[in-house]
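Please read the structure below before turning to the comments.
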Amino acid sequence: MAFAGVEVLKGVDIDLLPGEVHGLIGENGAGKSTLGKLIAGVYRPTAGTISIEGTPRMLGSPRQAMELGVALIHQEPLTFPDLDVAENIFVGRQPTKGLRRVDWKSMSSRAGELLNSLGVNLDPKAKVRGLSVADQQMVELAAALSQNAKVLILDETTASLTPKEVAELFVIVRRLRDRGCAIAFVSHRLDEVFEICDRITVLRDGEKVGERTPKECAVPEIIRMMVGRELAAEKHADTGGAKGETMLEVDGLCHGKIFSDVSFSIRKGEIVGMAGLVGAGRTDVARAIFGITQATSGCVRIGGVTAKIGNPREAMAQGLALVPEDRQHHGLLMPVSICDNACLAILRSLSKAGWVNRRAISARSTDYVGKLRIALRDVSQPVRDLSGGNQQKVVLSKWLMTEPKVLILDEPTRGVDVGAKAEVHRLMRELADAGLAILMISSDLQEVMTVSERILVMREGRLVRSFEPGQATQETVMLAATGQEAHAV
């Protein structure tokens with residue numbers, strides 16, 4: 001498979017068997033998602049064949065693939081938020097009665113039966129807009145089953161899910177496997193791959209480098225196959241270095257019923273992690289600090305000076321930067337080029353008399369492409385063409401170009417493979433060593449423990465615990481996040 005003359009897949013052979021979950025893993029840009037989209041008819045192969053039940057097929061569209069029993073479930077659910085669950089399941093295929101009117105009762109009933117067969121408790125008449133990502137994925141799975149899908153491709157479907165939601169999804173995946181579905185599971189999370197998959201195929205630089213079963217290999221071997229090298233073991237954050245003066249102070253910050261009385265500080269050269277369960281209010285605090293939403297009380301100080309932040313532009317002017325959790329909707333302009341996305345936050349400084357200096361934009365973006373090791377063909381290609389991890393790096397480069405004093409990272413390695421995750425962690429340490437104050441919000445406890453020097457824990461909109469260097473373990477952090485310990489900040 002090639003795009004604009006550049007090969008992204010080279011002679012990959014893979015078989016998906018009934019009653020089996022087949023893992024597809026590799027670094028960002030290895031070709032996993034491209035392979036999934038080829039099988040699902042999103043792309044047409046430039047060489048090779050795809051056979052379904054032993055018959056070679058030329059898949060010209062996802063609809064044609066679906067008619068042959070192949071369905072792709074994306075990382076970001078492709079649902080219609082203003083339609084209800086039943087309408088999303090049968091969109092374009094609504095059952096009708098007399099004069100081609102939609103049979104709403106029949107559609108709702110059939111949708112309920114499909115959801116029940118998955119063990120999902122969803123109201124077919126509920127609007128999709130109010131559903132969680134996990135529930136929206138269940139709607140997509142039900143839609144696939146309504147068309148008798150025999151092959152399911154799950155592309156990073158667990159990236160936005162909580163551990164409980166992942167466990168619930170895996171129950172359904174095993175149920176579908178036992179019914180005879182062939183399932184391809186694309187993921188960066190190796191623990192999940194080893195838990196759910198019967199076989200694992202590893203891709204690197206668009207080529208298949210090996211196939212293993214979880215029983216015959218271990219995680220270190222898979223990582224070596226993925227990256228082509230040994231990854232240095234990550235150590236806990238170095239807490240021995242001298243820190244500078246306090247750069248960010250949050251004092252008694254409140255926002256209605258969403259969060260209240262949040263107070264903490266971060267010094268120059270310090271990485272502070274913020275842990276907590278989904279819905280604890282971590283992202284809401286970050287958005288209030290950055291001026292996306294307005295706190296109802298409390299204050300923020302930068303470098304000891306009270307900051308008046310009414311919007312993100314004022315936050316940027318005072319040295320704040322926020323890398324958002326949702327890169328596709330809040331971090332990037334997907335159809336726009338990589339270089340324009342990377343320079344978006346500093347576009348004013350690269351313009352004169354209303355004219356954009358294209359040469360300067362290209363030079364600055366190329367510089368950061370090298371620093372962050374972003375895999376691409378050219379800085380002028382649309383950012384939507386990049387893998388999820390490389391898109392995240394473009395978002396990070398955009399905010400680093402503003403040369404901030406305080407960097408807030410909300411789930412910085414979500415959807416990023418192990419090699420790229422190590423690079424992001426290395427970059428964070430380099431930025432901290434250079435004097436940047438960093439607040440990292442993460443649902444990955446191992447990441448919080450590895451990267452952070454101090455750890456803050458939020459629960460139900462309140463900051464309930466602060467761990468000094470060396471105090472925290474994954475168990476104590478989780479106990480605080482779930483309300484199982486009584487210590488308050």
Side-chain angles (χ1 to χ4, degrees), residues 81 129-133 160 162 246-267 270-331 345 395 399 402 404-412 414 437-444 448 452 454-467 477 480-483 485-489:
R129 183 177 296 280
L131 300 183
S132 67
V133 171
S160 303
T162 65
T246 298
M247 183 52 62
L248 174 67
E249 292 177 88
V250 176
D251 187 7
L253 209 64
C254 300
H255 184 42
K257 296 181 180 180
I258 299 175
F259 62 83
S260 61
D261 198 26
V262 174
S263 300
F264 62 90
S265 64
I266 307 175
R267 293 176 292 168
E270 187 178 31
I271 301 175
V272 173
M274 183 176 280
L277 303 179
V278 172
R282 299 166 302 165
T283 295
D284 299 297
V285 169
R287 288 166 61 87
I289 294 172
F290 196 62
I292 297 173
T293 58
Q294 296 301 303
T296 52
S297 61
C299 69
V300 175
R301 301 184 189 93
I302 300 173
V305 179
T306 299
K308 294 182 179 180
I309 301 173
N311 54 58
R313 183 182 294 278
E314 292 177 0
M316 291 166 56
Q318 296 180 70
L320 291 174
L322 170 63
V323 175
E325 176 185 14
D326 188 341
R327 58 178 172 266
Q328 291 198 2
H329 294 96
H330 302 147
V395 180
W399 291 110
T402 67
K405 300 173 185 176
V406 179
L407 178 63
I408 304 172
L409 301 166
D410 193 357
E411 303 289 0
R414 173 190 168 197
I438 299 177
L439 174 64
M440 180 190 71
I441 298 168
S442 178
S443 299
D444 184 338
V448 171
S452 310
R454 286 191 295 121
I455 299 173
L456 309 174
V457 183
M458 289 197 67
R459 179 171 59 87
E460 297 178 357
R462 298 184 68 88
L463 192 58
V464 296
R465 193 75 159 90
S466 176
F467 292 96
V477 171
T482 56
E485 72 163 16
H487 299 93
V489 177

Least distance between heavy atoms, [X] atom then [Y] atom:
X      : Y      : result
Ala286 : Ile408 : CB-CG2, 3.9 Å
Val262 : Gly461 : CG2-O, 4.3 Å
Leu253 : Cys299 : CD1-N, 4.1 Å
Ser260 : Arg462 : OG-NH1, 3.1 Å
Arg267 : Ala437 : O-CB, 3.5 Å
Leu320 : Pro404 : C-CB, 4.4 Å

> Is there a side-chain contact (heavy atoms from CB on, under 4.5 Å) between Ile289 and Val250 once you walk through the steps?
Replying inline: CA-CA 8 Å; Ile289 294 172; Val250 176; 3.7 Å; yes
Donor-acceptor pair, side chain of [X] and main chain of [Y], under 3.5 angstrom:
X      : Y      : value
Ser265 : Leu248 : no
Trp399 : Leu322 : yes
Glu411 : Pro324 : no
Ser263 : Gly252 : yes
His255 : Asp284 : no
Glu249 : Val305 : no

Does a side-chain heavy-atom distance below 4.5 Å link [X] with [Y]?
X      : Y      : result
Leu439 : Val406 : no
Leu409 : Ile438 : yes
Met247 : Ile302 : yes
Ile292 : Pro312 : yes
Val457 : Met274 : no
Val464 : Met458 : no

>> Is it true that Ser443 and Arg282 share a donor-acceptor pair across their side chains at a distance under 3.5 Å?
In response: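 Short answer, yes.
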> Does a salt bridge link Arg454 with Glu270, judged by any charged N lying under 4.0 Å from a carboxylate O?
Replying inline: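 Yes, charged N to carboxylate O under 4.0 Å.
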Drop me the distance from [X]'s [atom1] to [Y]'s [atom2], to the nearest 0.5 angstrom.
X      : Y      : atom1 : atom2 : answer
Gln318 : Lys308 : CD    : NZ    : 10.0 Å
Phe290 : Glu314 : CZ    : CD    : 11.0 Å
Leu407 : Thr402 : CG    : OG1   : 8.0 Å
Thr283 : Ile258 : OG1   : CD1   : 11.5 Å

> Would Leu463 and Phe259 satisfy side-chain contact (heavy atoms from CB on, under 4.5 Å), going step by step from the backbone distance to the final call?
Replying inline: CA-CA 9 Å; Leu463 192 58; Phe259 62 83; over 6 Å; no
